[in-house]
Each structure stands twice: as structure tokens, then as C-alpha cells.
Amino acid sequence: MISIYLCEDNPKQLEYFTKIIRNFLLMQDLDAELTCSVTTPKELLDKLEEDSPDFGLYFLDICLGKNMNGLQLGKKIREKDPFGDIVFITSKSELCLLIFQYEVRALDFIVKDDMELLSEKIVKCIRAANRKYQKMHTDVSESFFIKQGGEQVEIPVDEVLYIETLKEAPHKVMICTKSKVYHTYGTIKEFEVLLKPYHTFCRCHQSILVNEKYIQDMDKRKGQILLTNGSTCRASVRFLRNGKKGSKIRIEEA
């Protein structure tokens with residue numbers, strides 16, 4: 001189920017946003033509910049700690065008061081729900097740039113300049129989250145989504161060769177697939193959790209997650225793995241010591 005969380009410190013606007021979301025959910029046959037509608041970050045975080053949602057969609061006002069703003073709240077949400085969708089709502093469009101400084105991946109950024117249009121955008125975000133949720137829970141399409149260039153990009157799991165942390169940006173990763181290389185915000189730990197159900201990925205290095213099915217050979221002298229497409233990636237001494245060419249590789253910990 002999609003659990004929708006709303007945090008807005010203006011009571012009247014909170015009531016308005018809550019009404020939009022509830023009315024939409026009443027008219028649509030979606031596996032979703034408005035789980036939390038509060039005025040403070042603490043209330044939302046307490047509820048999130050209590051719930052552990054299957055998939056979270058968060059609508060956050062950016063200007064929430066002195067103790068914690070919406071961007072700081074978004075960063076804390078990311079620690080608890082790495083793959084949920086976050087939407088920021090604000091009356092100050094210039095704050096959009098701060099999203100990158102706080103390194104919070106956002107589904108959308110809605111400006112409170114037109115309340116009618118705002119209603120449409122909220123509904124659009126719920127629909128987008130539902131499409132993502134449906135993709136994640138279907139047996140037919142084994143894909144995941146990343147944010148790149150302001151767009152949602154779908155990546156088939158079977159296309160991924162390896163994922164590596166970018167040295168120059170610790171909170172970004174490089175996803176190397178059979179046909180393309182992507183860069184997006186996230187950590188190796190987050191992708192390790194995301195890809196765990198597919199049973200073909202393992203940590204071959206502290207900063208690298210590799211798809212076992214594409215490992216062709218290992219070079220202990222160079223400290224690297226040769227993949228079936230001819231590319232290479234680094235591997236830890238422990239991984240190289242435990243791995244066996246031509247068989248299913250099971251490593252305790254990279």
C-alpha cells in the first residue's frame with residue numbers, strides 16, 4: 001500500500017491539502033491511504049517510526065518553522081524510507097535550488113502560486129507514485145526507477161551490470177547497464193536493499209554492488225572483476241578470495 005504523509009504548518013492549508021488528497025483517493029481505486037496529516041516534522045517522523053510503510057509518498061512544506069525545515073525533514077525521511085517519493089510544496093520558488101544542496105531526491109516541487117493548479121499537481125504526483133508502486137509490485141516487469149535530468153527513468157534490473165559510488169560525490173552512484181551509464185542520487189546501501197529480492201546482486205567492494213550473473217572472471221593480481229561485456233570493476237580481497245569462477249558466488253560480506 002502507498003502511505004501518504006502530509007506536513008504543512010499552516011492549519012488552513014493543511015486542511016485544504018488534506019481535502020484534495022482524501023477526495024481524490026475516494027474517487028480512485030488505488031491501493032493508497034492518507035496515513036498522516038500533521039503540522040510539525042516531529043509528528044510525521046514519530047508516525048513514520050511507528051508505521052514502516054511499504055511505499056511512502058511525502059508532501060512537505062519547506063518552511064516549517066525554526067526547529068526543522070522541510071528539506072531537513074526530507075533528509076531524515078530518506079534515512080527511514082530510501083525509495084519513497086518526496087514532493088516539496090512552498091510559496092518560495094527560489095528554494096527549489098536548495099534541494100540539491102540537501103541531496104534529497106524529489107519527485108516534484110510544487111509552488112503555491114495558483115491553488116487550483118496546485119490541486120492538479122498534487123493529484124499528478126499521486127498518480128506518478130502509484131505507477132511506480134505498481135511497477136515495483138508486478139511479476140511481469142522487474143524494473144526500478146531513478147531520477148535523472150528532472151525525469152523518472154525506468155531501468156530493467158536484468159540490464160544492470162554493477163552500481164558504484166562516485167568518488168567525487170559520495171551521495172551519488174553510477175549505474176552501469178548493458179547499454180548505458182546513469183548517474184543519480186543514492187547510496188550503495190539503498191540500492192542493496194532495493195535489489196535484494198532479485199537474489200543476483202552482491203557487494204564485491206565497499207562501494208560497488210555487482211550483478212553475479214555477469215561475472216566472467218576475476219583477476220586477483222589486479223584486484224578486479226571481468227564482466228561478460230568486457231568491462232571491469234574493482235573487487236575487495238575478501239571477495240576475490242571467496243569467489244569461484246563459473247559457479248554461484250556467495251560472499252559473506254564485501
Side-chain angles (χ1 to χ4, degrees), residues 1-5 21 24-25 28 30-33 35 48 52-60 71 74-89 96 99-100 102-110 120-166 169-201 203 208-211 213-214:
M1 175 180 287
I2 300 174
S3 299
I4 302 176
Y5 295 78
I21 295 170
F24 177 71
L25 294 180
Q28 303 295 318
L30 302 181
D31 188 14
E33 68 173 10
T35 302
L48 185 57
S52 298
D54 182 26
F55 182 94
L57 173 60
Y58 306 86
F59 290 95
L60 310 177
L71 294 167
K75 198 163 185 177
K76 286 189 173 293
I77 288 171
R78 274 280 164 262
E79 295 171 3
K80 299 177 181 295
D81 187 0
F83 297 102
D85 282 331
I86 297 176
V87 179
F88 292 107
I89 305 176
C96 177
I99 291 176
F100 300 100
Y102 279 83
E103 298 174 342
V104 178
R105 289 173 284 114
L107 173 64
D108 206 348
F109 186 95
I110 301 175
E120 292 178 15
K121 288 184 175 179
I122 288 177
V123 167
K124 183 180 177 182
C125 288
I126 297 175
R127 290 188 185 278
N130 184 61
R131 287 194 296 271
K132 180 178 175 181
Y133 175 75
Q134 293 299 326
K135 284 280 188 181
M136 289 171 62
H137 290 77
T138 176
D139 294 327
V140 178
S141 177
E142 293 193 337
S143 304
F144 63 92
F145 292 81
I146 63 168
K147 192 87 168 180
Q148 182 167 279
E151 299 290 333
Q152 289 274 358
V153 178
E154 181 178 2
I155 301 178
V157 172
D158 196 53
E159 290 287 307
V160 179
L161 298 172
Y162 66 91
I163 302 173
E164 181 174 5
T165 300
L166 291 174
H171 295 283
K172 293 188 74 174
V173 298
M174 173 181 71
I175 302 174
C176 182
T177 72
K178 292 179 181 179
S179 59
K180 196 171 181 180
V181 174
Y182 301 90
H183 294 84
T184 189
Y185 283 100
T187 66
I188 286 296
K189 182 61 178 176
E190 290 174 356
F191 280 95
E192 191 173 35
V193 172
L194 175 69
L195 297 171
K196 185 177 180 180
Y198 299 99
H199 307 295
T200 62
F201 290 85
R203 196 83 79 90
I208 302 174
L209 195 63
V210 68
N211 193 338
K213 66 189 292 184
Y214 296 121

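Index from 1, following the sequence. The basis for the numbers below is simple: all heavy atoms, side chains too, and nothing from hydrogens, waters or symmetry mates. Everything numeric in this text was worked out from a predicted model, so none of it was measured.
Between Leu30 and Tyr133 there is no side-chain heavy-atom pair separated by less than 4.5 Å. The side-chain heavy atoms of Phe24 and Arg127, taken from C-beta on, include a pair separated by under 4.5 Å. A heavy-atom distance below 4.5 Å is not found between the side chains of Ile89 and Lys121.
Contact record, Pro53 with Leu48: CD-CD1, 3.5 Å, taken as the closest heavy-atom pair. Nearest heavy-atom pair, Val160 versus Asn211, reported as atom, atom and distance to 0.1 Å: O-ND2, 3.0 Å. The shortest heavy-atom contact between Ala129 and Leu57 is CB-CD2, 3.9 Å. When all heavy atoms are compared, the tightest approach of Phe191 to Phe144 is CE2-CE1, 3.8 Å. Smallest separation of non-hydrogen atoms from Cys125 and Val87: SG-CG2, 3.8 Å. Minimum interatomic distance between Pro156 and Ser143 (heavy atoms only, all atoms of both residues): CA-OG, 3.7 Å.
Between atom CG of residue Leu209 and atom CG of residue Leu195 there is a gap of 6.0 Å, rounded to the nearest 0.5 Å. Between atom NE2 of residue His171 and atom NZ of residue Lys75 there is a gap of 5.5 Å, rounded to the nearest 0.5 Å. Between atom CG of residue Asp158 and atom NZ of residue Lys178 there is a gap of 5.0 Å, rounded to the nearest 0.5 Å. Going from atom CD1 of Ile146 over to atom CD1 of Ile155 covers 3.5 Å, rounded to the nearest 0.5 Å. Residue Phe145 holds its CZ atom at 11.0 Å from CG of Leu194, rounded to the nearest 0.5 Å.
Scanning for side-chain hydrogen bond (donor to acceptor under 3.5 Å, both in side chains) contacts around Lys80 gives Glu49, with sequence neighbours left out. Partners of Cys176 under the side-chain contact (heavy atoms from CB on, under 4.5 Å) rule, at least two apart in sequence or in another chain, are Leu161, Tyr162, Val181. With sequence neighbours left out, Lys124 forms a salt bridge (charged side-chain N to carboxylate O under 4.0 Å, His left out) with no residue at all. Scored by the side-chain hydrogen bond (donor to acceptor under 3.5 Å, both in side chains) test, Glu159 finds no partners at all (sequence neighbours excluded). Scored by the side-chain hydrogen bond (donor to acceptor under 3.5 Å, both in side chains) test, Asp81 finds Tyr58 as partners (sequence neighbours excluded). Considering only residues two or more places apart in sequence or on other chains, Asp31 meets the salt bridge (charged side-chain N to carboxylate O under 4.0 Å, His left out) condition with none of them. When the side-chain contact (heavy atoms from CB on, under 4.5 Å) test is applied to Glu33, the partners found at least two apart in sequence or on another chain are Met1, Thr35. Contacts of Lys196 classified as side-chain contact (heavy atoms from CB on, under 4.5 Å), with partners at least two apart in sequence or in another chain: none. Take Lys172 and apply the side-chain hydrogen bond (donor to acceptor under 3.5 Å, both in side chains) test, not counting sequence neighbours, and it matches no residue.
Checked for salt-bridge contact, Asp85 and Lys132 meet the test: a charged N lies under 4.0 Å from a carboxylate O.
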Decide side-chain contact (heavy atoms from CB on, under 4.5 Å) for Ile21 and Phe59; before the verdict, give the C-alpha distance in whole Å, the side-chain angles of both, and the deciding distance to 0.1 Å.
-> CA-CA 10 Å; Ile21 295 170; Phe59 290 95; 4.1 Å; yes
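Checked options Thr184, Ile188, Thr177; the residue passing with Ile163 is Ile188 (criterion: side-chain contact (heavy atoms from CB on, under 4.5 Å)).
Listed for the Arg131 side chain is no donor-acceptor partner under 3.5 Å among the backbone atoms of Ile126.
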